[in-house]
Enquirer: 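Please see the structure below; I have some questions.
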Amino acid sequence: MIAIGCDHAGVEMKKSIIAALSVQGYEFMEMGSEGEPCDYPDVAEKLCHEILAGHCDKGILICGTGIGMSIAANKIKGIRAALCADSFSTRFTRMHNDTNVMCMGARTLGCGLACELAEIFLTTEFEGGRHQRRIDLITAIENNQ
């Protein structure tokens, strides 16, 4: 199960991603706006808690630029969110950072590219190895807060 949420700026992109990836067998838990104004921090918090509770494996958050969602999601202990705008960074944030939430900007990306990036994010595995040590260091910083 993939959690996907957006504010009012990201409704069309959210719908496009669900349509494109549902045919590949992905199931989505939708949250956030269906067009009405809403506050992106509320959506980010709700989505991240679904992941931490084990109801969803990964998350996709969409707002105007993706920046606000990324900032809000990264405030939640146990979440590693990354702003994704190109295939290289999207692939490597999974491989090296074991991110569990991707954030995208509906006003900065087209829906076609967003669908491609979402597929890369969902299919790329964490490499572990030397990267796990760095994830452990990030977790230690988080635990000292």
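The figures here come from the full heavy-atom set of this structure, side chains too, leaving out hydrogens, waters and symmetry mates. Numbers here simply count residues along the sequence, with the first being 1.
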Enquirer: Identify the heavy atoms of Cys63 and Ala9 that sit nearest to each other, and give their distance.
Expert: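 Smallest heavy-atom distance, with atoms named: C-CB, 4.2 Å.
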Enquirer: State, to 0.1 Å, how close Tyr26 and Leu122 come at their nearest heavy-atom pair, and which atoms those are.
Expert: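 Minimum heavy-atom separation between Tyr26 and Leu122: OH-CB, 3.6 Å.
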Enquirer: Are any side-chain N or O atoms of Ser33 and backbone N or O atoms of Gly35, one a donor and one an acceptor, separated by less than 3.5 Å?
Expert: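 Yes; judged by distance alone, with no hydrogens or angles, the pair exists.
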Enquirer: Show, in sequence, the C-alpha distance, side-chain angles and deciding distance for Ile76 and Glu45, and conclude whether the side-chain contact (heavy atoms from CB on, under 4.5 Å) test is met.
Expert: CA-CA 7 Å; Ile76 299 170; Glu45 182 179 28; 4.1 Å; yes
Enquirer: Is the backbone of Gly78 close enough, under 3.5 Å, to the side chain of Glu142 for a donor and an acceptor to pair up by distance?
Expert: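 Yes.
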Enquirer: Restricting to non-hydrogen atoms, name the atom on His131 and the atom on Met95 that form the minimum distance, rounded to 0.1 Å.
Expert: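 So the two residues come closest at CD2-O, 4.1 Å.
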Enquirer: Between Thr93 (side chain only) and Ser89 (backbone N and O only), is there a donor and an acceptor less than 3.5 Å apart?
Expert: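 Not confirmed, Thr93 side chain does not pair with Ser89 backbone.
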Enquirer: In this structure, are over 12 heavy atoms from other groups packed under 6.0 Å from Glu27 atom CD?
Expert: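 Result for CD/Glu27: open.
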Enquirer: May I ask you to decide if Asn97's main-chain N or O and Arg80's side chain share a donor-acceptor pair within less than 3.5 Å?
Expert: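 Checked: pair present.
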Enquirer: What are the two closest non-hydrogen atoms of Leu117 and Ala85, and how far apart are they?
Expert: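 Closest approach of Leu117 to Ala85, heavy atoms only: CD1-C, 3.7 Å.
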Enquirer: With distance as the sole criterion, is a donor-acceptor pair present between the side chains of Asp136 and Thr139 under 3.5 Å?
Expert: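 No - no donor-acceptor pair under 3.5 Å links their side chains.
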Enquirer: Could you give me the CA-CA distance, side-chain angles and deciding distance for Val43 and Met69, then say whether side-chain contact (heavy atoms from CB on, under 4.5 Å) is met?
Expert: CA-CA 8 Å; Val43 178; Met69 287 289 199; 3.9 Å; yes
Enquirer: Just by modelled atom types, is the Phe88 backbone N or O under 3.5 Å from a matching donor or acceptor in the Asp86 side chain?
Expert: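 A pair under 3.5 Å: yes.
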Enquirer: Tell me the closest heavy-atom pair linking Ser87 and Ile120, and the distance in Å.
Expert: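 Closest approach of Ser87 to Ile120: CB-CD1, 3.5 Å.
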Enquirer: Look at the rings of Phe92 and His96 and say which category their plane angle falls in: under 30° parallel, 30 to 60° tilted, over 60° perpendicular.
Expert: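 Because their plane-to-plane angle is over 60°, the rings of Phe92 and His96 count as perpendicular.
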Enquirer: Is a salt bridge present between Asp98 and Arg94, judged by a nitrogen-to-oxygen distance below 4.0 Å?
Expert: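 Yes, Asp98 and Arg94 are salt-bridged.
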Enquirer: Just by modelled atom types, is the Gly66 backbone N or O under 3.5 Å from a matching donor or acceptor in the Ser70 side chain?
Expert: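 Such a contact is absent between Ser70 side chain and Gly66 backbone.
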Enquirer: Step by step, work out the side-chain contact (heavy atoms from CB on, under 4.5 Å) result for Leu21 and Phe28.
Expert: CA-CA 9 Å; Leu21 297 183; Phe28 292 91; 3.7 Å; yes
Enquirer: If you measure from the Lys or Arg side-chain nitrogens to the Asp or Glu carboxylate oxygens, is any gap between Lys14 and Glu34 under 4.0 Å?
Expert: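 Between Glu34 and Lys14 there is a salt bridge, with a charged N closer than 4.0 Å to a carboxylate O.
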Enquirer: Could you tell me whether a side-chain N or O of Asn100 sits under 3.5 Å from a main-chain N or O of Ile79, the two making a donor and an acceptor?
Expert: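 It does not hold such a pair.
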